[in-house]
Asker: 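One structure, as structure tokens, below. Some questions next.
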Number of protein chains: 2
Amino acid sequence: MFDPLCPSDLMPIRIGDKWAGMIIRCLERGPRRFSELRIPLRGITAKALTTSLRALERDGLIIRPAYAEPVRRVEYELSQLGRSLLQPMAVMCTWAQEHWDELLDAREASSPLGRTEQAGQARGQ
Amino acid sequence: MFDPLCPSDLMPIRIGDKWAGMIIRCLERGPRRFSELRIPLRGITAKALTTSLRALERDGLIIRPAYAEPVRRVEYELSQLGRSLLQPMAVMCTWAQEHWDELLDAREASSPLGRTEQAGQARGQ
DNA sequence: GTAGCTGGTATCCGATCGGTAACCACGTGC
DNA sequence: GCACGTGGTTACCGATCGGATACCAGCTAC
């Protein structure tokens with residue numbers, strides 16, 4: 001789902017820490033379990049996921065109902081507050097999509113190599 | 001202009017690095033010189049300001065026309081791209097203003113000090 | 001010459017970030 | 001008993017961030 005080349009790393013806009021934005025997007029379609037989250041996040045370590053989830057929970061953006069079932073079962077889902085973030089996030093995504101090329105252009109132009117680095121990058125040129 | 005208590009530090013949404021968002025807001029009203037920027041940014045160090053400005057410049061969000069005057073004179077201003085960020089930023093600010101209280105509430109409730117919540121999740125709903 | 005302003009750069013250093021690996025409690029299945 | 005899966009926690013460790021400090025070049029003013 002999120003590949004390591006995902007623009008999010010390079011984006012000048014970020015939600016929370018490194019993973020928070022992706023986690024929120026993962027939860028957009030409904031509650032997810034701890035181990036379910038680890039899959040789309042491409043082998044995020046348990047520690048990183050826990051850290052991000054705890055931060056989001058602390059900020060009230062997600063809630064963590066723990067079911068009292070025989071087997072341990074925890075689901076994370078967006079709270080009302082978390083859900084309210086989706087609209088601003090969408091705005092940012094729109095901006096990103098519209099201006100991504102300009103951003104890449106600018107970076108390329110100011111890269112120390114200055115070369116046209118034709119290493120397979122067939123973007124808009 | 002930006003006091004150290006400014007919410008921006010605690011915000012779950014960030015533009016660029018620590019200072020980038022504030023710099024953009026400083027440039028919103030027109031070009032500013034290096035030393036002019038240092039004032040509203042409350043004693044940001046020259047290094048930090050340079051770093052942020054270079055990053056913004058690299059991303060094409062600001063431009064840096066250097067005037068060939070006898071005295072050294074450099075002004076920074078938002079590029080078209082940078083200006084296009086203002087609208088998404090406004091959306092985020094609106095979100096922040098609307099939900100800031102909820103966020104603080106959540107943090108307070110989950111702070112180690114917040115012992116008032118010993119009755120489970122029954123805080124002020 | 002020397003001080004001061006401008007717009008920086010270079011160096012050091014402590015704090016934080018983020019990843020790896022090991023471990024843990026609890027319940028299941030064999 | 002033992003391994004296995006779930007949902008983590010802990011210790012460690014290198015990389016990076018960000019602040020403090022010192023320094024620099026170019027120009028002006030005295």
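On a predicted model such as this, the values are computed, not experimentally measured, just so you know. Values reported hereafter were calculated over all heavy atoms of this structure, with side chains retained and with hydrogens, waters and symmetry mates removed. Residue numbers begin at 1 in each chain, while the letters A, B, ... track the order of the sequences.
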Asker: Closest-nucleotide mapping onto DNA chain C: is A:Ala48 or A:Val71 further toward the 5' terminus? I mean the 5' end.
Answerer: A:Ala48
Asker: If you look at every strand shown and take non-hydrogen atoms under 4.0 Å, does A:Tyr76 touch a base, only sugar-phosphate, or nothing?
Answerer: sugar-phosphate
Asker: Ignoring backbone atoms, test whether A:Trp19 places a side-chain nitrogen or oxygen under 4.0 Å from the OP1 or OP2 oxygen of C:dC17.
Answerer: no
Asker: Let's see if you can work this out: which of D:dG8, C:dG7, D:dC12 has an atom nearest to the side-chain heavy atoms of A:Lys47?
Answerer: D:dC12
Asker: In whole angstrom, give the distance that lies between atom OH of B:Tyr67 and atom C1' of C:dG7.
Answerer: 15 Å
Asker: Looking at every strand, decide which applies to B:Lys18 at a 4.0 Å heavy-atom threshold: base, sugar-phosphate, or nothing.
Answerer: sugar-phosphate
Asker: Given the rule in the side chain to side chain contact (heavy atoms under 4.5 Å, CB included) test, do B:Glu77 and B:Leu27 qualify, once you have shown the distances and angles that lead to the verdict?
Answerer: CA-CA 6 Å; B:Glu77 60 177 308; B:Leu27 295 176; 5.6 Å; no
Asker: Look at the side-chain N and O atoms of B:Arg33 and state whether any lies under 4.0 Å from the OP1 or OP2 oxygen of C:dT6.
Answerer: no
Asker: Report the C-alpha separation of A:Thr50 and A:Phe34 in whole Å, then their side-chain angles, then the decisive distance to 0.1 Å, and conclude whether the side chain to side chain contact (heavy atoms under 4.5 Å, CB included) test is met.
Answerer: CA-CA 9 Å; A:Thr50 307; A:Phe34 190 85; 3.8 Å; yes
Asker: Can you find a side chain N or O atom of A:Ser35 that sits less than 4.0 Å from OP1 or OP2 on D:dG7?
Answerer: yes
Asker: Whole angstrom is fine here: how far is it from CG in A:Leu53 over to C1' in C:dG18?
Answerer: 15 Å
Asker: Could you tell me whether the phosphate oxygens of D:dG8, OP1 or OP2, come under 4.0 Å of any side-chain nitrogen or oxygen in A:Arg64?
Answerer: yes
Asker: Rounded to the Å, how far apart are A:Met22 CE and C:dG18 P?
Answerer: 11 Å
Asker: Whole Å only: how far is the CZ atom of A:Arg54 from the C1' atom of C:dC17?
Answerer: 18 Å
Asker: Can you identify which nucleotide, out of C:dA25, D:dG19, D:dT9, has its nearest atom closest to the B:Thr45 side chain?
Answerer: D:dG19
Asker: Are A:Trp100 and A:Leu104 packed together at the side-chain level, in the sense that at least one heavy-atom pair is separated by less than 4.5 angstrom?
Answerer: yes
Asker: What's the CD1-P distance between A:Ile44 and C:dA21, to the nearest Å?
Answerer: 16 Å
Asker: Please step through side chain to side chain contact (heavy atoms under 4.5 Å, CB included) for the pair B:Arg107 and A:Asp59, ending with a clear verdict.
Answerer: CA-CA 5 Å; B:Arg107 292 211 184 179; A:Asp59 284 356; 2.6 Å; yes
Asker: Which part of the nucleic acid does A:Arg38 contact within heavy-atom distance under 4.0 Å: base, sugar-phosphate only, or nothing?
Answerer: nothing
Asker: Nearest whole Å is fine: how far is C:dT9 C1' from B:Leu49 CG?
Answerer: 13 Å
Asker: If you apply the rule side chain to side chain contact (heavy atoms under 4.5 Å, CB included), what do you find for B:Arg32 with B:Arg38, and how did you get there?
Answerer: CA-CA 10 Å; B:Arg32 295 280 181 271; B:Arg38 298 190 64 177; over 6 Å; no
Asker: Return the value, rounded to whole Å, for the distance between atom CG of B:Leu41 and atom C1' of D:dG19.
Answerer: 15 Å
Asker: Is B:Arg72 side chain donor-acceptor paired with the D:dG26 base, going by distance under 3.5 Å alone?
Answerer: no
Asker: B:Glu57 CD to C:dG7 C1': how many Å, rounded?
Answerer: 13 Å
Asker: By the 4.0 Å heavy-atom rule, please label A:Ala46 as base, sugar-phosphate, or nothing.
Answerer: base
